[in-house]
Amino acid sequence: MQYFSYLIIPLLLTVMGVIFVIDKNSFSDFINGAKNGLNVAVGLLPTLILLMVGIGMFTSSGAVSIICRALSPMLSFLGVPEEILPLLVLRPISGSGSLAMAKELFDKFSPDSFAGLAASVIMGSSDTLVYVISVYFSSVNVKKTRHAFLCAFLTMIFCIFISCAVCRIFFA
């Protein structure tokens, strides 16, 4: 298996080269696809820059700790561990921020603790919905998003409670 992993990229490049030599249209199709992909990437840049600046401002302002203090009594009553609240606040907004928060949680507590297990399930069962919605809608030029964010946010909340319940049932 180790030798196969060393050979897969050269093998892929060789196969693609042979296809390009045999079928002249496939090379021009490849070039056109690369041009279109580059145009989409350039079109997404303003959205990504705005999103990154907004996330940086949100995390630097201390809003995460204020929101966590406000939500702590209600969520702990509902069975969500208090330790994962910063992760829950950051997860819908920033994938890299929530990943760093999960690592910090694993360092402070154990990955085998209830908070670590719940954080792992939440990280695997949810996505960065602000990023996904903004990039998807800007890439296909959707102007009227209607209820997409609300539905995605409610799904995220559902994932949080189900993740904690599953961890409580199977790992507690």
Side-chain angles (χ1 to χ4, degrees), residues 1-56 59 81 83-84 86-142 148-149 151-153 155-172:
M1 189 65 164
Q2 183 179 3
Y3 297 112
F4 180 72
S5 65
Y6 289 138
L7 295 176
I8 191 70
I9 292 178
L11 184 65
L12 262 167
L13 290 174
T14 304
V15 168
M16 291 301 294
V18 168
I19 290 172
F20 288 159
V21 168
I22 293 172
D23 183 17
K24 303 292 184 204
N25 290 334
S26 62
F27 183 72
S28 63
D29 290 341
F30 175 79
I31 296 299
N32 288 333
K35 285 179 186 176
N36 290 339
L38 192 57
N39 288 335
V40 169
V42 168
L44 287 176
L45 276 177
T47 304
L48 291 174
I49 290 171
L50 177 68
L51 191 62
M52 294 302 142
V53 169
I55 290 168
T59 55
E83 299 86 16
I84 66 170
L87 173 70
L88 299 181
V89 171
L90 217 50
R91 181 67 180 155
I93 300 166
S94 171
S96 58
S98 61
L99 193 60
M101 195 65 66
K103 184 202 175 303
E104 184 178 311
L105 188 116
F106 294 153
D107 289 343
K108 189 173 183 182
F109 306 96
S110 167
D112 294 330
S113 67
F114 179 72
L117 292 170
S120 298
V121 173
I122 289 168
M123 290 293 288
S125 65
S126 63
D127 205 349
T128 312
L129 63 100
V130 174
Y131 174 79
V132 170
I133 287 176
S134 63
V135 169
Y136 174 73
F137 285 148
S138 68
S139 70
V140 294
N141 296 321
V142 173
F149 184 79
C151 291
F153 187 72
T155 302
M156 174 85 180
I157 291 172
F158 179 75
C159 286
I160 291 167
F161 290 117
I162 292 299
S163 297
C164 291
V166 165
C167 287
R168 214 171 283 292
I169 290 169
F170 289 108
F171 302 118

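By convention here, the first residue in the shown sequence is residue 1.
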Using the side chain to side chain contact (heavy atoms under 4.5 Å, CB included) criterion, which residues pair with [X]? Sequence neighbours excluded.
| X | answer |
| --- | --- |
| I162 | F158, V166 |
| I169 | none |
| A165 | none |
| F161 | L75, L78, V80, I157 |

Do you know the tightest heavy-atom contact between [X] and [Y]?
| X | Y | value |
| --- | --- | --- |
| F149 | I133 | CA-CD1, 3.7 Å |
| A119 | L105 | CB-CD2, 3.6 Å |
| L88 | P92 | O-CD, 3.1 Å |
| D127 | M156 | O-SD, 4.1 Å |
| S98 | R91 | OG-NH1, 3.2 Å |

Enumerate donor-acceptor pairs with a distance under 3.5 Å from any side-chain N or O in residues 108-117 to protein atoms, sequence neighbours excluded.
from	atom 1	to	atom 2	distance (Å)
S110	OG	D112	N	3.0
S113	OG	S110	O	2.7
S113	OG	G116	N	3.1

In chain order, what residues pass the side-chain hydrogen bond (donor to acceptor under 3.5 Å, both in side chains) check against [X], with sequence neighbours excluded?
| X | answer |
| --- | --- |
| N32 | none |
| T128 | none |
| S120 | none |

### Task
Apply ring-ring contact (aromatic ring centres under 6.0 Å, His included) to Y136 and list each qualifying residue two or more places apart in sequence or on a separate chain.
none
### Task
May I have all residue pairs that pass side chain to side chain donor-acceptor pair (under 3.5 Å) and include part of residues 158-172, sequence neighbours excluded?
S125-S163
### Query
Roughly how far, to the nearest 0.5 Å, is CG of L13 from CD1 of I8?
10.0 Å
## Note on the structure
Taken to the nearest 0.5 Å, the spacing of L90 CG from I84 CD1 works out to 13.0 Å
### Message
Can you tell me if I9 has over 12 outside heavy atoms packed within less than 6.0 Å of its CD1?
### Response
no
### Task
Mind jotting down which residue pairs meet the ring pair (Phe, Tyr, Trp, His ring centres under 6.0 Å) criterion with at least one end in residues 16-46? Sequence neighbours excluded, please.
F20-F27, F20-F30
#### Entry: Selection residues 16-32 - residue pairs positive for salt bridge (Lys or Arg N to Asp or Glu O under 4.0 Å), sequence neighbours left out
none
### Stepwise side-chain contact (heavy atoms from CB on, under 4.5 Å) check, L87 with M123
CA-CA 9 Å; L87 173 70; M123 290 293 288; 3.6 Å; yes
